[in-house]
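On a predicted model such as this, the values are computed, not experimentally measured, just so you know.
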Amino acid sequence: MGSHVRMFAVFGGVPRLIVPDNLKSGVSRASFYDPEINRSYGMMASHYGVGVLPARPRRPKDKAKVENGMRFAQSCLLGRLRKQTFFSLAEANTAIADVLERINNHIMRRLGVSRRHLFESVEHAALASLPTEDYEFAEWRFARVSTDYHVEFQSFFYSVLRVSRS
């Protein structure tokens with residue numbers, strides 16, 4: 001989910017629909033007709049106002065474009081950076097950002113424009129605006145309330161307010 005939040009920030013907007021692979025952090029139960037979305041992932045999607053439609057299980061055609069794009073980016077990145085040694089994560093991230101800038105600004109032969117130009121002219125206009133605040137991850141757990149009205153979570157005790165129904 002943190003990767004999604006950072007991705008939306010880099011894009012400068014939010015798409016209408018996300019089609020994730022059936023990752024465990026996003027989809028609790030994969031199904032063709034009624035997939036069950038993870039509660040935290042669903043909360044993140046509702047915060048950004050985006051729909052979630054997981055790829056169908058065992059259907060590689062649903063994600064062919066993404067897989068090909070990832071294969072291209074991975075081969076370009078690894079091909080250019082494989083002989084370099086990095087001594088910090090920041091140094092590696094800077095090198096990756098430089099290679100990505102070069103890939104995105106490269107003019108493609110068949111189309112005659114760069115990937116950045118295509119994104120800014122076609123796709124960026126279709127994105128919805130970002131909310132004012134980023135999504136904060138929330139972890140949901142079931143807990144049993146003790147007789148002293150406390151709940152234990154990670155060795156900490158939290159008070160529970162008793163509400164009487166009338």
Side-chain angles (χ1 to χ4, degrees), residues 1-31 33-56 62-74 76-77 81 86 88-106 108 111 113-143 145 149-163:
M1 283 178 275
S3 297
H4 281 73
V5 171
R6 290 186 295 274
M7 175 186 68
F8 296 150
V10 168
F11 288 170
V14 182
R16 291 187 190 116
L17 183 67
I18 298 174
V19 183
D21 199 356
N22 288 302
L23 64 162
K24 270 297 183 198
S25 62
V27 181
S28 300
R29 187 177 54 84
S31 170
Y33 297 104
D34 189 23
E36 186 176 315
I37 305 298
N38 184 315
R39 188 174 189 180
S40 296
Y41 195 77
M43 294 294 285
M44 184 267 308
S46 67
H47 175 78
Y48 285 104
V50 63
V52 179
L53 181 65
R56 296 175 296 170
D62 287 355
K63 50 190 175 173
K65 278 189 174 183
V66 173
E67 295 291 336
N68 289 334
M70 287 302 299
R71 188 177 305 118
F72 171 76
Q74 184 178 11
C76 285
L77 282 169
L81 301 177
F86 303 106
S88 70
L89 183 60
E91 187 180 341
N93 284 337
T94 303
I96 290 170
D98 292 342
V99 173
L100 283 177
E101 190 70 26
R102 184 175 172 188
I103 291 170
N104 288 332
N105 290 329
H106 178 75
M108 296 180 283
L111 299 175
V113 294
S114 68
R115 287 176 177 80
R116 181 167 313 283
H117 181 267
L118 281 175
F119 175 76
E120 290 172 353
S121 62
V122 177
E123 295 174 6
H124 192 23
L127 296 176
S129 61
L130 286 169
T132 55
E133 295 181 12
D134 287 344
Y135 173 73
E136 264 187 62
F137 175 73
E139 190 171 336
W140 302 90
R141 300 276 175 137
F142 287 103
V145 179
Y149 299 107
H150 284 82
V151 175
E152 182 181 0
F153 178 70
Q154 294 182 349
S155 302
F156 292 101
F157 290 92
Y158 299 94
S159 298
V160 176
L161 178 66
R162 181 177 179 203
V163 177

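Residue Phe156 qualifies as open at atom CZ: its count of foreign heavy atoms under 6.0 Å is 12 or below. The environment of His117 atom NE2 is sparse: at most 12 non-hydrogen atoms of other residues, nucleotides or ligands sit within 6.0 angstrom.
Within the 4.5 Å cutoff, side-chain heavy atoms of Tyr48 are placed close to those of Asp134. Using a 4.5 Å heavy-atom threshold, the side chains of Ile18 and Phe8 count as touching.
Scored by the side chain to side chain contact (heavy atoms under 4.5 Å, CB included) test, Leu89 finds Asn93 as partners (sequence neighbours excluded). The side-chain hydrogen bond (donor to acceptor under 3.5 Å, both in side chains) test applied to His150 returns Ser159, not counting sequence neighbours. Shown here are the side chain to side chain contact (heavy atoms under 4.5 Å, CB included) partners of Glu101, two or more places apart in sequence or in another chain: Asn105, Arg116. When the side-chain hydrogen bond (donor to acceptor under 3.5 Å, both in side chains) test is applied to Asn104, no partner is found at least two apart in sequence or on another chain. Applying the side-chain hydrogen bond (donor to acceptor under 3.5 Å, both in side chains) test to Ser3 and every residue at least two apart in sequence or in another chain returns Arg6. Remark: Arg71 engages Asn68 in a side-chain hydrogen bond (donor to acceptor under 3.5 Å, both in side chains) (not counting sequence neighbours).
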side-chain contact (heavy atoms from CB on, under 4.5 Å) evaluation trace for Met108 with Leu118: CA-CA 11 Å; Met108 296 180 283; Leu118 281 175; 3.6 Å; yes

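Contact record, Tyr41 with Ile37: CD2-CG2, 3.9 Å, taken as the closest heavy-atom pair. Scanning all heavy atoms of the two residues, the minimum distance from Glu133 to His47 falls at O-NE2, 2.9 Å. Here the closest non-hydrogen pair linking Leu127 and Phe11 is CD1-O, 3.8 Å. Ala95 and Phe86 get closest at one heavy-atom pair: CB-CE2, 3.5 Å. Residues Val14 and Ser129 come closest through the heavy atom pair CG2-O, 4.3 Å.
Rounding to the nearest 0.5 angstrom, the gap separating the OG atom in Ser114 from the NE2 atom in His106 is 9.5 Å.
Between the side chain of Tyr135 and the backbone N or O of Met43 there is no donor-acceptor pair closer than 3.5 Å.
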